[in-house]
Amino acid sequence: MIFIFGLTAVGQTDFSGNINLDGLLSTKEDLPFWFYSNQRGRISETTSVSGLLQGKVTYELSDNSNIEFGGGIYYEDAFNDEIFIDELYAALDYKWLEIIAGSKQKAEVYNGLSASGESILWSLNARPVPGLQIKTAEPVYFSPGGNLAFEGSWNEYYLGDNQGAEKVRLHHKELSLIYRFGAGWTAKAGLQHFVQWGGRSEFFGEQPAGLTDYLRIISGRKGGENSSQTDQDNALGGHLGSWELYITKETRGFTYQFIYNNLFEDGSGSRLANTPDGRYGFFVENRDQNQLINSFIYEFYYTREQSQTGPHLYDNYFDGGVYAFGWTYKGRIIGVPFFSYDSELNEVVNNKFLAHHVGFAGQFSTSIETFPYKVLLSYAHNEGTYFSKLNPEGVDEDVLNFYSKFRILNLPVQADVILGMELNSVEEPKFAAGISLSKGF
C-alpha cells in the first residue's frame, strides 16, 4: 500500500501529495524480480501489502527561487510490520542551482522503463541516502545562446550503520559537458565518482576521517599511515566510478537518445581496460503522450570482463573491500538491480552477467479518458562472481522477467492492475498479480 498527502493553497505556497495502496500476491513465497526491484526500497521479495504517505509544501521566495519541504512514511509488511521514513528533506532552488538537505527520492527518468535510470551506478532500487547535495538544476551555458554547457554536483551522504560497519560516509561528485551541434543534436559526456569512507569497518576497524583524509578520497590518492595496507597501496576508501555518454536527437515530434555508461573500481577500469563492460541503451519518446506506444527503451548490460589481468585478478564489481557490504544501502543494491546481494553472507553474490532489457509504455484512450500502461521484459544470464558460482550446483542461471502495469480506473481513485512472472532455469517459475490504488490531492 502507498499513501501520499497533499493540499492546495493559493498565492506563494503550494501543497501537494498523493495516497497509494498496493496489495500483491505471488504463487511462491517471494515475488518476481520487477515487483520488488527498482521500487525505491519500498517493496521486498516477500511483500504482500505496502503503503506510502508523502506530502510536500513549496514556498515561492522570488521569481527565480523557491524552497520546498517534503516528507513521507511507508509501511511494508515484510519488514516486521514496521513504519519507515521514505523521505524527509528541504530543497532550495535558485535559478540554475539546487541544494537538497536530507533524504529525497530521485526523480523517475525514461518514463520508468529503464533498468537503471540515470546511471548504472545509482538506480531506484534502494532507499534514498540522507545527506547534502549541491547540484545544477539544468544545463549551465558558458555564454548566452551558446552551444557549450556543463552540469555537475557535489554531494556528501551518510550511509550510517550497515551490516556490522558503523558511521560510514559516502562522497559523490559528477561533472558533464554538454555540446549542441547540428539540427537538434546534443552530446553529453561526463564522469560519476563515488567513495565510501570513514566510520568503522566490520573487519578493519576505525577508518581515517580527518580533513587530510577527505582530500585524499576526493582526489583518489593513496591512504596515509593510519589507513589499511590495501588503501596505502591503492587509494583511500572504496572507489566506484562511471564514464557516461548520452547523444540526443530532438525532432518535431520525437526524442531519440543513445546511452552509454561504463563502470570502474580502479585505475584500469577508469582507462577503459574493462571494455566492453557497461550499459548500452537506446530510448525513443513521442512528445504526443496520447499514443498507444509513446516511449520505448532497449538496454544491454555486460559485466563479464572486469579488467582481467591474471588468473585471480578481477575488479569484482560492487563487492566490498574495507566495507564488506559493498555497493548497497539498507540491504539493497544501489546500482542496476541485475547485481545481487546476499544479506546473510553480507556480500555481492552476482556481478558477472549479461542482460537484455526492454521497456515500453503508452496509453489506451477514449473520447474522455486515458488509461496508461507500461511493460518491462528482461533476460539475464547470471554467472555469480569470478570467485564463486551463484548456486551450489555451479550452474549458470538464466532468468526471464516480465512486468506490466495497466490503469483500469481514473476516478474517484486511480486503480492499476499489476501482472508479472519470473522464469528461471534453476528454480521453479513465479507468477504474481497486484492491485495499486492511488489518490492525488
Between Arg221 and Leu236, is there a side-chain heavy-atom distance shorter than 4.5 Å? no
What is the ring orientation for Phe84 with Tyr74, classed by angle as parallel under 30°, tilted 30 to 60°, or perpendicular over 60°? parallel
Keeping His357 on the side-chain end and Ser116 on the backbone end, is there a donor-acceptor pair under 3.5 Å? no
Is a side-chain N or O of Thr248 found less than 3.5 angstrom from the main chain of Gln257, in a donor-acceptor match? no
Under a 3.5 Å distance rule, please check whether Gln363 uses its side chain to pair with a backbone N or O of Gln289 as donor and acceptor. yes
Do Leu97 and Ile134 come within less than 4.5 Å of each other through their side chains, counting heavy atoms only? yes
Test Glu285 against every option in Thr255, Asn111, Asn294 by the side chain to side chain donor-acceptor pair (under 3.5 Å) rule and name the one that passes. Asn111
May I ask you to decide if the ring planes of Phe181 and Trp185 are parallel, tilted or perpendicular, using 30° and 60° as cut-offs? parallel
Are any non-hydrogen side-chain atoms of Leu377 and Leu400 less than 4.5 angstrom apart? yes
OG1 on Thr46 to OH on Tyr36, rounded to 0.5 Å: 10.5 Å
Kindly state each residue pair satisfying salt bridge (charged side-chain N to carboxylate O under 4.0 Å, His left out) with at least one member in residues 369-391, sequence neighbours excluded. Arg304-Glu383, Lys352-Glu383, Lys389-Asp396
Where does the angle between the aromatic ring planes of Phe142 and Phe150 fall among parallel (under 30°), tilted (30 to 60°) and perpendicular (over 60°)? tilted
Indicate yes or no for a side-chain donor-acceptor contact from Ser436 to the backbone of Asp416 under 3.5 Å, with no hydrogens or angles considered. no
Specify whether Trp122 and Tyr157 have parallel, tilted or perpendicular ring planes, treating 30° as the upper limit for parallel and 60° as the lower limit for perpendicular. tilted
Under 3.5 Å, is there a donor-acceptor pair between the Asp277 and Tyr317 side chains? yes
Check this for me, if you would: do Arg169 and Glu156 make a salt bridge, where the nitrogen-to-carboxylate-oxygen distance has to be below 4.0 angstrom? no
Ring centroid separation His239 to His193 under 6.0 Å: yes
The single option from Gln54, Arg127, Arg40 that satisfies side chain to side chain donor-acceptor pair (under 3.5 Å) with Gln105 is Arg40
If you take the centroid of each ring, where Trp contributes its six-membered ring, are Tyr298 and Phe282 closer together than 6.0 Å? no
Separation between NZ (Lys188) and OH (Tyr246), nearest 0.5 Å, reads 6.5 Å
Evaluate the side-chain proximity of Asp22 to Val49: yes if any heavy-atom separation is below 4.5 Å, no if none is. no
Side-chain touch Tyr323/Asn162, heavy atoms, less than 4.5 angstrom: no
Angle class for the Phe387/Tyr314 ring planes (parallel below 30°, perpendicular above 60°, tilted otherwise)? perpendicular
Please check if the distance between the ring centroids of His171 and Trp154 is under 6.0 Å. yes
Find out whether Phe325 and Ser343 are in side-chain contact, i.e. whether some heavy atom of one side chain is under 4.5 Å from a heavy atom of the other. no
Of all residues at least two apart in sequence or in a different chain, which pass the side-chain contact (heavy atoms from CB on, under 4.5 Å) check with Lys95? Asn64
Quick test of your reading of the model: are Lys430 and Asp30 salt-bridged, counting only N-O distances below 4.0 Å? yes
When the ring centroid of Phe339 is compared with that of Phe353, is the distance short of 6.0 Å? yes
Any residue meeting side-chain contact (heavy atoms from CB on, under 4.5 Å) with Ser388, in chain and number order, not counting sequence neighbours: Thr385
Heavy-atom side-chain proximity of Ser295 to Phe283 below 4.5 angstrom: yes
State whether Glu244 and Arg279 are salt-bridged, where the test is any N-O pair (Lys NZ or Arg NE/NH1/NH2 against Asp/Glu carboxylate O) under 4.0 Å. no
Between the side chains of Asn125 and Ser123, does any donor sit under 3.5 Å from an acceptor? no
